[in-house]
Number of protein chains: 2
Amino acid sequence: MQQSVYEALKKGISSARYAPGAHLREIHIAEELGVSRTPVREAIRRLGGEGWVELLPNRGARVTQWSMRDIEEIFEARALIEPWLAGQAALRATPAQIDELEALALKMQDMFHAEGAAAIVDRWFEANKAFHDQIAAAAGNRRLEQSLAAIKDVPLIRWTFATFGDGDHMRSIREHLELVQALRTGERAWAEAIMRCHILAARTSVVRRAEHPEPETET
Amino acid sequence: MQQSVYEALKKGISSARYAPGAHLREIHIAEELGVSRTPVREAIRRLGGEGWVELLPNRGARVTQWSMRDIEEIFEARALIEPWLAGQAALRATPAQIDELEALALKMQDMFHAEGAAAIVDRWFEANKAFHDQIAAAAGNRRLEQSLAAIKDVPLIRWTFATFGDGDHMRSIREHLELVQALRTGERAWAEAIMRCHILAARTSVVRRAEHPEPETET
DNA sequence: TAAATCAAGATTGTATGCACTTATGAAAAA
DNA sequence: TTTTTCATAAGTGCATACAATCTTGATTTA
């Protein structure tokens, strides 16, 4: 049960059901999930170790909070690590892995053209995550893969996708497809360069929108 | 108490008192530290989240194990992240921070010349860690700093220092001092390049010794 | 009015007992 | 001899009770 509590809390945090900065009260969670406090406490400790919540001695745990600076740090880290991983993937990815990546990229393309940006936010996020995760896995460095995951698999990043416009989606699709090409040729430098563009372009787009938040319209 | 159990376990793991792969039995630890199983369980969960132990459902936890491949991955990751951090530190470190770094570098130099490699293994390790941590902190990216710490603050790395010979120590001292110089001038590219040399040289030294382990003599 | 005090309630921390799962080693079967 | 079976022991998972700590708001004091 500790396992399911752990997953429920993680889902709750990434869906912002438990808001950033919110105090997690053990009893409430326990009653909500129909278990005792013990597994809840253990799950919270684990999430504390992974950085999802802050553990405050004698005062429980609060959901980790994010600021503008966090966005910058995350993209800075991604701009460093992901290009390197892409480069390694160009050297080590198997044809089967590359095929899967291509399938994912094409799926995202179809999704977008068939339904438009607004309708696919969640599925787009998942597919995009799968694409990047697969590249990280193909690079063959478990540690960097996990570090990257710890850095970017946070609620904050899901949120940034909601700010993506049509132009961002189209650019992203193009870059994914080009990256697949680069991996297929095994050109390390090319793969690295595309991934760097990909991250930095996304960064700029997100930062610009965060600094000049537009009302609701988004074409 | 959970806090002190957590620290005791972490210390126990990094000192290899709990060997890699060892099964952590809750009752033994609880009795050893004079507490009940509850805080032990919570501490173990936290260490699981941080990667110090593996959590096996219904079968407790075992201390994470390391292989040769792990050494390679760790140095690969360090060779990517630390030069970048050093470069950022060249741009952002305050004079006071640089002075502290210089003091640390000189301390390591004195230590080595006064007592020799064998006598200072532990203190050398600590000072070296402090040096690198301070640079990571000066770079101003909390996430990369923590990721790096998660990657390299493992028992395995302490062990690698035991294999350092006189030549390695002298090279290391020289590089630290040169890095301080680079930081003082604010030359990003220089700082980056030195740090890359520093990591790659250490990597080569460690890998070579791991592959051709010599008896005991070490000049 | 503002600051300090303090007591009741809320919340977290720890110990303990029992249920359940996994590991073990001896006895039985092949 | 080797494999299978199975009972016992060991260990983990969870619930509950109580202790310790923190939060609160009302009351007192300056």
Side-chain angles (χ1 to χ4, degrees), chain A residues 1-67 146 154-155, chain B residues 1-67 146 154-155:
Chain A
M1 277 180 148
Q2 178 250 128
Q3 185 69 21
S4 58
V5 173
Y6 167 79
E7 282 157 16
L9 282 176
K10 211 159 146 181
K11 193 164 291 180
I13 293 172
S14 60
S15 70
R17 219 174 120 257
Y18 303 108
H23 188 179
L24 292 180
R25 262 170 216 107
E26 297 171 358
I27 300 179
H28 293 183
I29 295 166
E31 287 176 354
E32 208 168 284
L33 301 175
V35 299
S36 81
R37 282 172 52 217
T38 307
V40 174
R41 288 176 61 79
E42 294 179 5
I44 287 176
R45 289 302 183 281
R46 209 168 142 195
L47 292 167
E50 292 176 356
W52 289 73
V53 303
E54 261 179 298
L55 301 177
L56 314 169
N58 286 312
R59 300 197 306 156
R62 75 166 44 136
V63 179
T64 307
Q65 299 193 90
W66 313 97
S67 70
Q146 288 183 357
V154 295
Chain B
M1 276 179 152
Q2 178 250 126
Q3 184 69 23
S4 58
V5 173
Y6 167 80
E7 281 156 17
L9 283 175
K10 211 159 145 180
K11 193 165 292 178
I13 293 172
S14 61
S15 71
R17 219 174 120 256
Y18 302 108
H23 187 179
L24 292 181
R25 259 163 278 252
E26 297 172 359
I27 299 180
H28 294 183
I29 295 166
E31 285 176 355
E32 209 168 284
L33 302 175
V35 300
S36 81
R37 283 171 52 218
T38 307
V40 174
R41 289 175 59 80
E42 294 179 4
I44 287 177
R45 289 302 184 282
R46 207 168 144 194
L47 292 167
E50 292 176 355
W52 289 74
V53 304
E54 261 179 297
L55 301 177
L56 314 169
N58 285 313
R59 301 197 304 157
R62 75 165 45 134
V63 179
T64 306
Q65 298 193 91
W66 312 97
S67 70
Q146 288 184 357
V154 295

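Only a predicted model underlies this, so the values are computations on that prediction, with no experimental measurement involved. Both backbone and side-chain heavy atoms feed into the values below; hydrogens, waters and symmetry mates do not. Quick note on labels: first sequence line is chain A, next is B, and so on, each numbered from 1.
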Evaluate the criterion salt bridge (charged side-chain N to carboxylate O under 4.0 Å, His left out) for residue pair A:Arg17 and A:Glu32; output intermediate values, then yes/no.
-> CA-CA 13 Å; A:Arg17 219 174 120 257; A:Glu32 208 168 284; 2.6 Å; yes

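OP1 or OP2 of C:dG13 sits under 4.0 Å from a side-chain N or O of A:Arg41. Between B:Thr38 and C:dT14, a side-chain N or O to OP1/OP2 separation shorter than 4.0 Å is absent.
For A:Arg45, the listed nucleotide lying nearest its side chain is C:dG13; candidates were C:dG13, D:dG13, C:dA15. When distances run from any side-chain atom of A:His23 to the nucleotides C:dT11, D:dC14, C:dT14, the shortest one goes to C:dT11. The side chain of B:Arg25 lies closest to D:dG11, out of C:dT16, D:dT12, D:dG11.
Nearest approach of A:Glu54 to A:Thr64, heavy atoms of both residues: N-OG1, 4.0 Å.
The shortest side-chain heavy-atom distance between B:Glu7 and B:Gln3 falls under the 4.5 Å cut-off. B:Tyr6 is not listed as a side-chain neighbour of B:Pro39, based on a closest heavy-atom distance of 4.5 Å or more.
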Summarise how protein sits on nucleotides 18-24 of chain C as a single string, 5' to 3': B when a protein heavy atom is under 4.0 Å from the base, S for sugar-phosphate-only contact, - for no contact.
-> ---SSS-

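Contacts of A:Ile44 with the nucleic acid, taken as non-hydrogen atoms under 4.0 Å apart, are absent.
Mapping A:Ser36 and B:His28 onto DNA chain D by nearest heavy atom places B:His28 closer to the 5' end of the strand.
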